[in-house]
Every structure is written in structure tokens, then in C-alpha cells.
Amino acid sequence: PIFLILLFAVFEFGHFWQVTETAKHAAMDAVALAARNQNAGMGTTHLLNRLTQAQLTPAGPTGVTSSPDGSSYTAQVSVNFQPYFGGISI
């Protein structure tokens, strides 16, 4: 039984890591796109599309914003992580 529990724990951790990395890379791509085009709305659309393609559901405010002078862009991502034994938000 202990081996089986450890096996499922490793599997769940791998799934958690994949979701976290997918959200992180989607945010980085969206910020890069927004900065290239100087358009935060385009970045937000790209971010939401990437999350949808990865079958991740936003759990809160998710999008790309720019500084008042437009010199920097920031992405905020919050997705629902659905493990096989319940659901938590990361």
C-alpha cells in the first residue's frame, strides 16, 4: 500500500508541475507578444487562448497589463488545478 500511495503522489506532483509550467509559459509568451506589439489586450487574448488550448480554466483575474508609460508589461495568471482527489486553486 505504501508503494501505491507514493506512486500516486509522484503522478500527482508531475501533473501539478505540468500545469504550473504551462501557465508560466503561457504568461511569458503573452507578455512577449504584448511588448512586441505594445498592446496589452492582444497579450491577454493570447494568454486566454493558450490556457484554453491547454484545457486550463482561469480561477481569478488573468490577463496582461502595462505600466502607465507603456514601458513594461505584466501578466497575472491564476488557474484551477484539478487533481484526481479534489480541486485546489494555484
Side-chain angles (χ1 to χ4, degrees):
I2 292 175
F3 177 73
L4 193 58
I5 291 171
L6 286 174
L7 183 66
F8 282 119
V10 168
F11 185 72
E12 284 294 339
F13 180 76
H15 182 222
F16 174 79
W17 190 269
Q18 177 200 15
V19 169
T20 303
E21 290 296 306
T22 300
K24 180 175 78 173
H25 287 287
M28 290 181 351
D29 287 348
V31 167
L33 181 69
R36 273 195 309 272
N37 295 300
Q38 296 183 345
N39 185 341
M42 183 181 288
T44 297
T45 301
H46 182 72
L47 175 60
L48 294 173
N49 286 341
R50 287 282 308 266
L51 293 176
T52 301
Q53 289 172 353
Q55 298 178 347
L56 297 176
T57 306
T62 299
V64 177
T65 57
S66 65
S67 62
D69 63 355
S71 63
S72 65
Y73 292 85
T74 305
Q76 181 176 359
V77 181
S78 178
V79 297
N80 284 325
F81 173 66
Q82 295 293 326
Y84 296 104
F85 303 109
I88 59 172
S89 181
I90 58 170

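Atom set for the values below is all heavy atoms of this structure, side chains included, hydrogens, waters and symmetry mates excluded. Quantities reported herein were computed from a predicted structural model and do not represent experimental measurements.
Residues passing the ring-ring contact (aromatic ring centres under 6.0 Å, His included) test with H15 are F81, Y84, sequence neighbours excluded.
If you take OG1 on T22 and CD on Q55, they are separated by 11.0 Å, rounding to the nearest 0.5 Å. Distance check, rounded to the nearest 0.5 Å: CG of L6 to CZ of F11 gives 15.0 Å. Once rounded to the nearest 0.5 Å, the distance linking CD of Q38 with CG of L33 reads 12.0 Å.
When every heavy atom of S71 is checked against every heavy atom of S67, the shortest pair comes out as N-OG, 3.1 Å. Smallest separation of non-hydrogen atoms from P61 and Q76: O-CG, 3.5 Å.
Hydrophobic cluster membership is shared by L56 and F16, with clusters built from Ile, Leu, Val, Met, Phe, Trp and Tyr side chains linked at under 4.5 angstrom.
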Worked verdict on V31 versus T74 for side chain to side chain contact (heavy atoms under 4.5 Å, CB included): CA-CA 6 Å; V31 167; T74 305; 5.9 Å; no
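Within the 4.5 Å cutoff, side-chain heavy atoms of V19 are placed close to those of V79.
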Would you mind writing out the side-chain donor-acceptor pairs for residues 40-50 within the sub-3.5 Å range, not counting sequence neighbours?
{"unit_1": "T44", "atom_1": "OG1", "unit_2": "A40", "atom_2": "O", "d": "3.2"}
{"unit_1": "T44", "atom_1": "OG1", "unit_2": "V64", "atom_2": "N", "d": "2.8"}
{"unit_1": "T44", "atom_1": "OG1", "unit_2": "V64", "atom_2": "O", "d": "3.3"}
{"unit_1": "T45", "atom_1": "OG1", "unit_2": "G41", "atom_2": "O", "d": "3.0"}
{"unit_1": "N49", "atom_1": "ND2", "unit_2": "T45", "atom_2": "O", "d": "3.3"}
{"unit_1": "R50", "atom_1": "NH1", "unit_2": "D29", "atom_2": "OD2", "d": "2.1"}

